[in-house]
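Just so it is clear, the structure is predicted and the values come from calculations on it, not from any experiment. In what follows, every chain begins at residue 1, and chains take the letters A, B, ... in the order their sequences are listed.
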Protein chains: 2
Amino acid sequence: MTPTELTASVAVAGEGRRSRARRGEGGRLREDILAAAEELLLKSGDADSLSIRAIANAVGVTPPSIYLHFADRNELVFEVCDRKWRELASLLDAAVAGLSDPLERIERRGRAYAEFGITHPEHYRVLLGGRADEIPEKHADQALLTDRLGFGPLVADLTEAMDGGQLARSDPWELCRVLFFAIHGLTSMLVRGSGPDWPSPERLVERMIDTLMWGIRPRPA
Amino acid sequence: MTPTELTASVAVAGEGRRSRARRGEGGRLREDILAAAEELLLKSGDADSLSIRAIANAVGVTPPSIYLHFADRNELVFEVCDRKWRELASLLDAAVAGLSDPLERIERRGRAYAEFGITHPEHYRVLLGGRADEIPEKHADQALLTDRLGFGPLVADLTEAMDGGQLARSDPWELCRVLFFAIHGLTSMLVRGSGPDWPSPERLVERMIDTLMWGIRPRPA
DNA sequence: TGTACATCAGTGAACGCGCGTTCACTGATGTAC
DNA sequence: TGTACATCAGTGAACGCGCGTTCACTGATGTAC
């Protein structure tokens, strides 16, 4: 088998040719494309593998069909990321549901965030591990942090804690970013894969959260 | 001018054809290649732009010549990164030269690290911003942290501070990683580019360092 | 109830691109006799 | 001192690859008369 033949047969494989949608149900393909893209991401963990061709093949459709539903590759990748961001955001919300102590809520959010990365490294890498310029502009700026990460709730908790005297008074947005950066650094390194003699991810998460929570407490005059 | 002609003329541009090295001075080209690669990195800030062809063009040489000095692209990129890591390591050492208080040394290292990222965002992105798999295996594991980042000195300072009672006793390697992760998270986000209404990088750096330094102090029983 | 027709969901082939890498070569440089 | 020769530093053309995207098309599906 020549390399060319091999490639051809692989291209034919995928999921087999997909049956054409009924009239008016063209939108179904859009969903299937996004689902296939996410699956590809899971297998490879690399946004570069989200090629139009690979996705089309996985869905069982030809590349041009993608353009019936997305203007270009950028838009497709953006949509995939957008969904993941929302998923993460609601996961964070779920993690603090029912908790009323703001400090505890802050802590839980951090923990849940790191755990999302640890359990979905491929997705995390796509969300924040890549180059910024491969993400459409909408993602590149502040909107990323406020809209996507849902910083609002965290800032609210920080403010509440400050009001209650559990935290030294300061700019909550600034503090919010610092906390996020720290947790993101931890997560992104864990997602990169830890070395053989590293402490367990759990230990590192605990230690980071512990350090941060102490670091932001009110200080003796 | 057709696109093809344009490409051709651009290819001819670069730095002009380079004169051939004298007998025995073939190694000169190796240096020039690395220098050109670094320059390309500065312009684009993206390891993907380190293509064999782009580098060859910048040096004023044809692509195959690169292979006289590097086995493949991976080796070249590795060497470029390796040099940057050493640069950063010695920069960190310089930042604490003459300081004897271990806590102060720890703080200064963190600050210097973040500043390196802020002033050399393109380089930082190449060192830690990319995908792990684009970096040769040597870089991917623990060796990265110990050899490249020179964690030894930081661990030494942490240990000294623990011995002096300035820090609660704990595994210094674990703490070392946590501190690095936090500073890395900060740096990598700043390097990504900050949004319009962000606090200044300097403020964020101060705040992060301040939080961490408080977080690791001994705690009241 | 039957048929012409517009619409819709795709297809197939091709475009030009830049890439890493290989291969057979060239021609200047230095060295041995 | 002159010349044949080995070596060394490169060149030029080509390889096959996968990519995003475009374009003219096809053929099933539903609808209007």
(request) Kindly assign one of parallel, tilted or perpendicular to the pair A:Phe151 and A:Phe180, based on the angle between their ring planes and the thresholds 30° and 60°. (result) perpendicular
(message) Check this one for me: any side-chain N or O of A:Ser65 less than 4.0 Å away from OP1 or OP2 of C:dG10?
(response) no
(message) Using whole Å, what does the distance between atom P of nucleotide D:dT7 and atom CG of B:Leu68 come to?
(response) 17 Å
(request) Could you check how far CZ of B:Arg28 sits from C1' of C:dT29, rounded to whole Å? (result) 14 Å
(message) Side chain of A:Arg20, heavy atoms from C-beta onward: which of C:dG10, C:dT21, D:dT21 has the nearest atom to it?
(response) C:dG10
(request) Nearest whole angstrom, please: distance from the C1' of C:dG20 to the CD1 of B:Ile55. (result) 12 Å
(request) Starting from P on D:dC8, measure out to NE2 on B:His69 and report it in whole angstrom. (result) 13 Å
(message) With a cut-off of less than 4.0 Å, is there a side-chain N or O of A:Thr62 near OP1 or OP2 of C:dG10?
(response) no
(message) Measure OH/A:Tyr67 against C1'/C:dA9 and give the value in whole Å, please.
(response) 17 Å
(message) Main chain of B:Glu75, side chain of B:Asp72: is a donor-acceptor contact present, judged purely on distance under 3.5 Å?
(response) yes
(message) Side chain of A:Ile52, heavy atoms from C-beta onward: which of D:dG10, D:dG20, C:dA13 has the nearest atom to it?
(response) D:dG20
(message) Below 30° counts as parallel, above 60° as perpendicular, anything between as tilted: where do the rings of A:Tyr124 and A:His184 land?
(response) tilted
(request) Please work out whether the ring planes of B:Trp198 and A:Phe181 are parallel, tilted or perpendicular, with thresholds of 30° and 60°. (result) tilted
(request) Mark yes or no for whether A:Arg111, through its side chain, and A:Ile209, through its backbone, hold a donor-acceptor pair below 3.5 Å. (result) no
(request) With the side chain of B:Arg53 defined as its heavy atoms from C-beta on, choose the nearest nucleotide among C:dG10, D:dG10, D:dA14. (result) D:dA14
(request) Would you mind telling me which of D:dT21, C:dT11, D:dG10 lies closest to the side-chain atoms of A:Val61? (result) C:dT11
(message) Looking at B:Arg18, I'd like to know whether one of its side-chain N or O atoms comes within less than 4.0 Å of OP1 or OP2 on D:dG10.
(response) yes
(message) Any heavy-atom pair between the side chains of A:Val178 and B:Asp210 that's under 4.5 Å?
(response) no
(message) Please determine whether a side-chain nitrogen or oxygen atom of B:Arg73 lies at a distance below 4.0 Å from atom OP1 or OP2 of C:dT21.
(response) no
(request) Report the distance from atom CG of A:Asp72 to atom P of D:dT21, rounded to the nearest whole Å. (result) 5 Å
(request) Go through A:Lys84 and A:Glu87 one step at a time and tell me if the salt bridge (Lys or Arg N to Asp or Glu O under 4.0 Å) criterion holds. (result) CA-CA 5 Å; A:Lys84 272 295 150 203; A:Glu87 214 175 282; 2.7 Å; yes
(request) Could you run through DNA chain D and flag its stems, i.e. three or more consecutive Watson-Crick or G-U pairs with both distances under 3.5 Å? (result) C:2-33 with D:2-33
(request) Send over the distance from A:Glu75 CD to D:dG20 P, rounded to a whole Å. (result) 15 Å
(message) Counting only side-chain heavy atoms from C-beta out, which of D:dG20, C:dG10, D:dA9 sits nearest to A:Ser51?
(response) D:dG20
(request) Starting at atom CD1 of B:Ile66, determine the distance to atom C1' of D:dG12, rounded to an integer number of angstrom. (result) 15 Å
